[in-house]
Protein chains: 4
Amino acid sequence: MGSGLDDDLVGGFFADPRQRVIFCGRGRLQSWLDVEAALARTQADLGLIPAGAAARIASCCDASAYDLAALGEEASALQHPIVAVVHALERAVGERWSRFVHYGATSQDIADSGQALQLRAGLDGLEPDLLAAQRAAAQLACRHRETLEAGRTRGQHAVPITFGLKAASWTDELSRLRERIAQARPRLLALQISGAAGTLAAYGPRWRELRAGVARELGLSEPEQPWHASRDRIGELGALMSLLAMAIERIGAEVVRLQSTDLAEVAERPAPAHVGSSAMPQKRNPQVAEGLVAKARLIHGPAGVLLRNGAHQHERDVGAWMVEWIAVPELLLLAGAGAAELRELLEGLHVDPEQMLANLGRTGGGILAEAVMMALDERLGRDRAHRLLAELSAESRLTGRPFASVVAADPRVRDALSPAELREALDPRGWIGAAPELSDLAAGVDAPSAPQSSTST
Amino acid sequence: MGSGLDDDLVGGFFADPRQRVIFCGRGRLQSWLDVEAALARTQADLGLIPAGAAARIASCCDASAYDLAALGEEASALQHPIVAVVHALERAVGERWSRFVHYGATSQDIADSGQALQLRAGLDGLEPDLLAAQRAAAQLACRHRETLEAGRTRGQHAVPITFGLKAASWTDELSRLRERIAQARPRLLALQISGAAGTLAAYGPRWRELRAGVARELGLSEPEQPWHASRDRIGELGALMSLLAMAIERIGAEVVRLQSTDLAEVAERPAPAHVGSSAMPQKRNPQVAEGLVAKARLIHGPAGVLLRNGAHQHERDVGAWMVEWIAVPELLLLAGAGAAELRELLEGLHVDPEQMLANLGRTGGGILAEAVMMALDERLGRDRAHRLLAELSAESRLTGRPFASVVAADPRVRDALSPAELREALDPRGWIGAAPELSDLAAGVDAPSAPQSSTST
Amino acid sequence: MGSGLDDDLVGGFFADPRQRVIFCGRGRLQSWLDVEAALARTQADLGLIPAGAAARIASCCDASAYDLAALGEEASALQHPIVAVVHALERAVGERWSRFVHYGATSQDIADSGQALQLRAGLDGLEPDLLAAQRAAAQLACRHRETLEAGRTRGQHAVPITFGLKAASWTDELSRLRERIAQARPRLLALQISGAAGTLAAYGPRWRELRAGVARELGLSEPEQPWHASRDRIGELGALMSLLAMAIERIGAEVVRLQSTDLAEVAERPAPAHVGSSAMPQKRNPQVAEGLVAKARLIHGPAGVLLRNGAHQHERDVGAWMVEWIAVPELLLLAGAGAAELRELLEGLHVDPEQMLANLGRTGGGILAEAVMMALDERLGRDRAHRLLAELSAESRLTGRPFASVVAADPRVRDALSPAELREALDPRGWIGAAPELSDLAAGVDAPSAPQSSTST
Amino acid sequence: MGSGLDDDLVGGFFADPRQRVIFCGRGRLQSWLDVEAALARTQADLGLIPAGAAARIASCCDASAYDLAALGEEASALQHPIVAVVHALERAVGERWSRFVHYGATSQDIADSGQALQLRAGLDGLEPDLLAAQRAAAQLACRHRETLEAGRTRGQHAVPITFGLKAASWTDELSRLRERIAQARPRLLALQISGAAGTLAAYGPRWRELRAGVARELGLSEPEQPWHASRDRIGELGALMSLLAMAIERIGAEVVRLQSTDLAEVAERPAPAHVGSSAMPQKRNPQVAEGLVAKARLIHGPAGVLLRNGAHQHERDVGAWMVEWIAVPELLLLAGAGAAELRELLEGLHVDPEQMLANLGRTGGGILAEAVMMALDERLGRDRAHRLLAELSAESRLTGRPFASVVAADPRVRDALSPAELREALDPRGWIGAAPELSDLAAGVDAPSAPQSSTST
């Protein structure tokens with residue numbers, strides 16, 4: 001009965017199974033139990049509850065011991081999932097210590113802190129794939145530092161580039177993405193121990209030690225203020241995932257284009273059992289790349305929802321808060337699959353330099369008009385050079401004669417440039433500028449760089 | 001291992017179980033099989049395939065006969081869910097007739113038509129709840145046609161209204177929502193029998209009879225043109241669901257406000273086992289209303305994704321199309337629950353006229369400043385009347401004395417109005433204008449009205 | 001000092017000058033004055049105010065008589081634009097009749113009704129361009145009913161189509177768009193005469209005649225209920241504009257692709273003074289098509305804002321309402337330019353059938369694999385036919401030999417098909433199916449069709 | 001003829017005049033000219049162009065010397081604003097040096113670098129208002145560290161808080177916002193000197209020195225790779241502005257609520273000429289707070305557009321890029337006004353402690369049910385305590401008797417608690433927990449804190 005990302009038939013195309021373990025109902029339950037256990041342990045350390053209670057509570061905090069479906073039904077009946085879980089935990093703990101379960105806590109404390117634990121596991125899961133994808137892009141940049149390709153702007157052949165330069169641009173964007181996630185982690189992975197309306201009253205006067213202790217115990221950052229109703233932290237998660245979506249859509253869509261029959265410059269590694277099409281056996285579909293595009297667009301849905309969900313009312317606003325219960329897991333399931341498939345795509349990408357070179361020649365040299373113009377510039381002045389090249393380009397287009405021939409035959413060009421100079425201007429190898437060196441710069445891929453200083457800008 | 005809307009612990013707070021039956025993996029599979037069966041039957045009717053083949057195929061089109069998990073795995077391996085299903089269907093049909101399975105079809109034909117079947121069932125499921133919600137709102141309008149309440153604009157007490165008028169506004173918005181859905185159905189519930197790139201070539205020369213026949217067989221509208229890449233139909237689904245979200249968020253958020261401790265004018269019927277709060281037993285939480293707010297905000301996620309997903313490339317664009325596989329089910333699961341809970345909320349809404357009256361008095365009559373001003377207008381001219389009332393309102397606010405007393409004590413007022421006239425102006429019953437009659441107008445709730453003519457506007 | 005859509009330097013690339021006349025500050029002011037005049041006239045007709053007052057008020061309702069900048073400053077000082085305008089109108093009317101200005105009205109009544117007037121003019125302005133664009137697409141469909149082109153799915157050459165079929169799909173989508181706008185007009189173009197909180201109290205007991213009269217006077221639909229806080233009408237405007245954006249982005253992006261150097265199948269008519277590029281004179285940039293893409297994406301911004309802005313509080317919510325003051329004009333300015341440029345693009349589109357044919361041949365016949373497979377299907381069974389074609393396609397791809405030669409040389413094919421049969425299967429003219437007839441269907445372009453009945457679906 | 005944010009009548013309610021100076025057409029032009037000048041100067045420093053050329057070019061780079069309207073018309077005719085500007089600059093420079101204008105440059109280099117300059121000025125303009133707003137919130141936190149207020153969760157009175165705690169939460173969110181902007185600046189404020197398709201070919205072999213030099217000259221960060229098509233930097237701007245919108249909507253909407261007639265706990269400082277309402281003189285409208293809500297919702301429009309606009313095609317994609325020309329200025333105009341008004345709101349906020357205390361008493365002590373429960377917990381066990389309090393709360397609600405009286409009269413309570421203990425539990429001053437200390441923590445407002453290390457999380 002799964003639907004959407006959990007649909008047995010199609011869910012596997014969208015959702016990462018590792019993130020699913022973290023963000024499924026059982027993962028959620030475990031995160032809550034982890035918080036309850038850490039709270040009890042810290043309270044016991046501070047002498048606020050008996051050590052025996054904490055030990056007993058912690059021993060009952062294994063999610064696999066609970067019947068999830070029954071908990072779900074109880075949650076619906078009580079109209080409150082966390083209350084249902086606390087009741088179940090109390091029953092498991094038994095009469096002697098049950099009153100120390102969830103001691104002084106409010107439900108959103110448990111859920112927000114639990115979500116931070118899930119998010120830590122989720123982000124930890126994303127990072128290796130993003131790093132590997134960045135490395136794979138860097139390797140493409142190295143390997144193809146001089147592989148000629150048509151540079152296309154506005155859909156038009158513009159000037160020659162190298163495929164390595166394109167890959168370097170992917171490396172660069174992934175690097176910024178990882179940097180942003182690293183900078184945001186302390187804000188995202190924050191404890192919530194704040195009490196019913198943020199005063200921590202029921203936690204008692206030693207709230208500072210308690211809050212710090214639970215943060216330490218769980219490995220979360222300790223926020224200065226309660227954030228029950230201040231959800232920019234979660235909005236930022238949406239922002240980060242949208243930025244991840246930007247990267248995977250750009251790269252995925254570029255591969256779809258480059259793999260098209262009309263370009264055929266790259267191809268993703270087909271799955272062993274991949275079938276082209278039920279009707280058209282000749283097709284070589286960019287399955288993984290298309291999947292990246294789809295995931296990216298889907299990610300913007302819940303991401304945008306979280307970014308627009310900031311106006312929580314008063315001290316806690318459950319209508320707004322509940323939105324996160326769905327949007328956060330969806331984001332990580334999609335992002336996890338996106339990161340993994342981006343890695344897969346880039347690690348397995350087949351590049352066809354010959355086809356790139358063939359395509360580069362489609363304008364019969366027209367792609368080097370800028371180079372010819374710059375060569376003529378000194379002799380004719382820019383205006384005349386630009387007008388002349390525009391005229392010759394149009395002539396080539398209208399007559400179908402190769403641009404290079406048209407140029408070589410023009411007396412004005414011949415007056416200005418020697419045959420050797422013209423040959424040099426029409427050699428794409430001579431007009432790739434900084435591309436190989438830019439590829440080299442992209443080669444160094446590391447852990448997310450330390451946050452850059454903002455002083456100079 | 002369910003997550004998001006399928007999370008065992010919290011999914012029940014968001015997803016409609018009836019819509020889940022339609023939009024889960026098995027429902028999807030059944031919709032595809034229904035299309036395959038109708039295609040085969042129509043092809044047999046036209047003599048394009050043997051009658052025996054069609055009969056055999058149709059007999060194998062019961063989704064419950066298939067192992068969904070295995071199909072899902074095969075789909076992942078083949079990177080194509082529909083091909084996996086066609087293969088399974090061929091195996092079930094057996095060697096003799098298997099070549100007539102999916103005859104001439106392309107995978108998106110099956111999936112788009114199947115989705116139209118799911119959407120028909122989904123919209124059919126929404127309508128009774130929306131109608132019932134509209135009726136419940138209309139009943140509230142009738143019952144409270146004269147129940148006085150403070151009209152609030154910009155958060156300020158403005159003039160008296162009736163609660164019936166507020167409910168009439170809900171009725172009215174729901175009526176427009178249902179009208180739009182009815183108008184959109186022929187566009188939404190459209191067959192796709194178009195072939196690999198829209199030419200229907202593989203369906204053979206009798207494509208017109210075939211297309212019309214399958215449409216008839218499935219009860220879908222027959223579109224003039226292929227729409228593999230023309231997805232405004234699905235974008236419109238997103239638009240409709242966003243408009244549904246507007247309605248449920250408005251009503252849900254209004255009930256949250258009206259049920260707040262500080263207003264306490266309405267209360268939703270509590271669930272039998274409802275627990276207020278783990279920590280604060282005095283609270284009476286607007287559980288259902290908050291759930292409506294949450295669903296509404298979530299709906300805008302996939303709805304916005306579909307509305308921005310129009311630019312399919314060339315004849316078919318799978319990266320863009322796959323987006324629908326997730327966004328469409330999510331929309332209906334959320335909308336189904338939203339419609340059902342809106343009905344539940346409105347059918348069970350408890351209204352407290354005494355508290356409304358008490359709140360109306362909070363300004364000590366200030367809420368009738370407009371009425372007093374209109375009474376003074378003829379005697380003093382509007383400008384003087386407005387300035388006088390502004391002065392008296394400020395005096396009442398600053399001194400804390402009731403507005404009515406301040407006004408009654410003012411010599412300029414006493415010069416202009418007799419005590420009876422002033423009493424009349426300060427009686428909220430005399431300043432509710434058209435509210436009762438507007439409530440009466442809202443009472444007639446029917447099937448979605450026939451599309452209005454646009455001639456006059 | 002203009003910015004954004006009003007930026008002197010770039011605003012002209014985005015905003016329609018005709019819509020700007022309607023939606024600029026002066027257009028807004030005129031719409032308000034039109035409502036004030038109609039209100040006064042109707043009140044005079046009903047004997048509620050003196051005829052002389054109405055005549056005098058109406059005579060002062062020409063926006064060109066007011067100093068807009070001064071009004072803007074007064075609006076800022078008063079924190080209320082409509083109050084500023086009412087004051088100015090009162091001053092213009094003069095002491096004798098000024099108390100009958102804005103009689104019984106609330107500011108949002110004037111602004112909502114005025115906005116409906118602006119929207120009517122705005123939609124009236126869109127329709128001719130949308131109709132002309134649809135007609136131009138239909139003419140392309142007719143003219144190219146048999147112009148062969150590669151059908152591309154998932155970026156891959158799939159089967160042959162005609163360019164006419166592609167244009168027919170554009171026609172079809174524009175037809176649905178116009179139908180939706182026509183259906184929505186009565187909901188969108190609605191009067192607001194409702195009073196301070198929807199009770200019409202200050203309008204007096206003859207509110208029904210008054211409301212109907214003003215509606216008649218202004219040519220707006222008369223809504224049953226006040227809609228100050230029920231903004232689905234405006235949300236629907238957002239939805240319609242998003243659907244318009246879907247259409248213009250799809251067509252614009254398709255032209256960008258088809259005009260790319262690598263495809264070069266169509267070209268937009270260049271502007272007389274168009275310069276390709278400052279650096280690359282050979283380029284032929286798809287300027288108008290790109291502009292459509294940009295406008296489409298921008299439209300989703302304010303459109304999405306309006307669709308998510310439904311939850312107005314209580315009887316009137318100015319924070320939410322103000323959003324419309326900016327989002328509504330932006331939508332129409334962008335949409336107006338989008339519709340005009342779509343028309344321009346389609347009316348001037350240059351199509352290159354030779355290049356289309358050349359591109360169709362890029363797979364050396366591989367694009368006809370489906371046709372060959374269907375021909376072999378009867379002889380070999382589908383499975384064997386599919387496997388055989390997949391093998392031959394791969395061979396063609398790997399060896400670089402044309403698909404047609406590889407197929408012709410294969411003994412299994414030669415056993416199954418005669419040379420004539422194979423030749424027929426490899427002729428693209430023979431595998432375009434219904435494409436010409438579908439183009440013919442698209443030819444009939446009319447006024448938006450009467451709303452379709454929903455009975456069958 | 002201004003419209004939207006430039007509408008003379010209403011634009012002043014939405015757009016910041018200081019940001020308008022930066023982002024209007026003239027500001028845009030100046031930013032481009034600044035880049036052209038810096039490029040020429042650096043090229044002259046490197047000996048790539050004559051020093052005289054650079055001097056002459058720089059002397060012509062004052063935007064006030066150009067006729068903006070004429071430039072706009074030329075831009076439309078040429079279909080290219082930057083080419084129009086370059087032509088105008090060449091004309092101004094004169095024949096002798098004009099060929100060194102824009103030397104080696106591509107239009108997007110100029111525009112992207114210019115936009116970075118505009119963004120730097122724009123962000124520099126935001127920061128003082130955000131800092132002042134944060135300080136004002138911190139002062140409210142200090143001043144009201146013990147001002148009792150009802151803590152409201154889910155719209156219900158939950159437990160007592162202080163108003164200082166609420167203000168501390170605002171401080172905290174604004175602090176994170178400023179931290180994020182500071183971290184993002186180096187990514188956002190990045191030079192673009194990359195050439196026609198990212199190879200810098202036309203800039204010549206000394207591109208490294210050139211790029212570094214222009215970056216130094218302009219005070220922008222020097223990016224490793226070209227980013228013509230890698231727009232996550234601009235997507236991040238959208239993200240930051242959405243996060244700013246979250247903050248201003250939350251605070252604005254909270255003030256609207258707290259200023260409502262029914263709560264009346266705070267009030268914004270009215271503008272000198274503020275008029276309440278044309279019809280209802282008693283109203284005290286939350287004008288500034290509503291304006292914040294409106295701006296926040298509008299911001300999400302262009303912000304979301306930028307976040308979804310990542311998939312630029314190939315090396316440069318003008319359809320996607322043009323989107324930024326409109327969305328970026330709109331964001332800063334709205335954000336600038338939002339930041340300024342947030343500051344104004346918080347600096348002038350009137351707080352009414354007496355009304356807060358009165359409202360706190362609305363439940364007759366019920367808001368202290370948690371405190372009573374915790375007191376009873378040790379004596380009765382949690383379950384019994386919770387059930388007892390729920391019973392007494394319901395009794396209070398149903399009978400209308402104050403909760404405190406109901407509790408005091410209950411024999412079970414009297415058995416468990418002494419009158420002094422009960423009095424203590426029912427004193428709100430005793431149940432505000434950490435609120436005063438949390439306010440103290442919020443007091444320290446500084447420059448955005450150095451980026452936090454991510455090691456521990």
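If you're wondering where the values come from, they're calculated on a predicted model, not measured in any experiment. By convention in this document, chain letters (A, B, ...) are assigned in the order of the sequence lines, proteins followed by strands, and residues within each chain are numbered from 1.
Between chain C and the residues D/Ala69, D/Pro81, D/Ser76, the largest count of heavy-atom pairs under 4.5 Å involves D/Pro81. Of the listed residues D/Ala75, D/Gly12, D/Gly27, D/Pro329, the one with more heavy-atom pairs under 4.5 angstrom with chain C than any other is D/Ala75. Of the listed residues (C/Gly4, C/Gly2, C/Gly72), the greatest number of heavy-atom pairs within a distance under 4.5 Å of chain D belongs to C/Gly2. Top candidate by heavy-atom pairs under 4.5 Å with chain C, chosen from D/Cys24, D/Gly301, D/Ala327, is D/Cys24. Your options are C/Leu5, C/Val293, C/Val21, C/Val10, and the one with the most heavy-atom pairs under 4.5 Å with chain D is C/Val10. When D/Ala15, D/Gly25, D/Pro286 are compared by the number of non-hydrogen pairs under 4.5 Å with chain C, D/Gly25 comes out ahead. Each of C/Ile82, C/Ile326, C/Val318, C/Val305 has some count of heavy-atom pairs under 4.5 Å with chain D, and the biggest count is that of C/Ile326. Options D/Glu74, D/Arg28, D/Arg26 differ in how many heavy-atom pairs under 4.5 Å they form with chain C, and the most are formed by D/Arg28.
Rounded to the nearest 0.5 Å, atoms CD (D/Gln79) and CG (C/Asn285) are 9.0 Å apart.
For the pair C/Leu9 and D/Val85, the minimum side-chain heavy-atom distance is below 4.5 Å. You'll find the side chain of D/Asp8 stays beyond 4.5 Å of the side chain of C/Leu71, heavy atoms only. A heavy-atom distance below 4.5 Å is found between the side chains of D/Glu330 and C/Glu330. A heavy-atom distance below 4.5 Å is found between the side chains of D/Leu333 and C/Ser3. Looking at D/Trp321 and C/Glu290, their side chains never come closer than 4.5 Å, going by heavy atoms from C-beta outward.
Nearest heavy atom pair, residue C/Ala294 against residue D/Met322, reads CB-CB, 3.7 Å. Counting all heavy atoms, side chain and backbone alike, C/Leu298 lies closest to D/Val323 at CD2-O, 3.6 Å.
In this structure, the portion of C/Val288 lying under 4.5 Å from any heavy atom of chain D is its side chain and not its backbone. Both the backbone and the side chain of C/Arg297 come within contact range of chain D, with heavy atoms under 4.5 Å apart. In this structure, the portions of D/Arg20 lying under 4.5 Å from any heavy atom of chain C include both its backbone and its side chain. Of the two parts of C/Phe14, only the side chain, counted from C-beta on, holds a non-hydrogen atom closer than 4.5 Å to a non-hydrogen atom of chain D.
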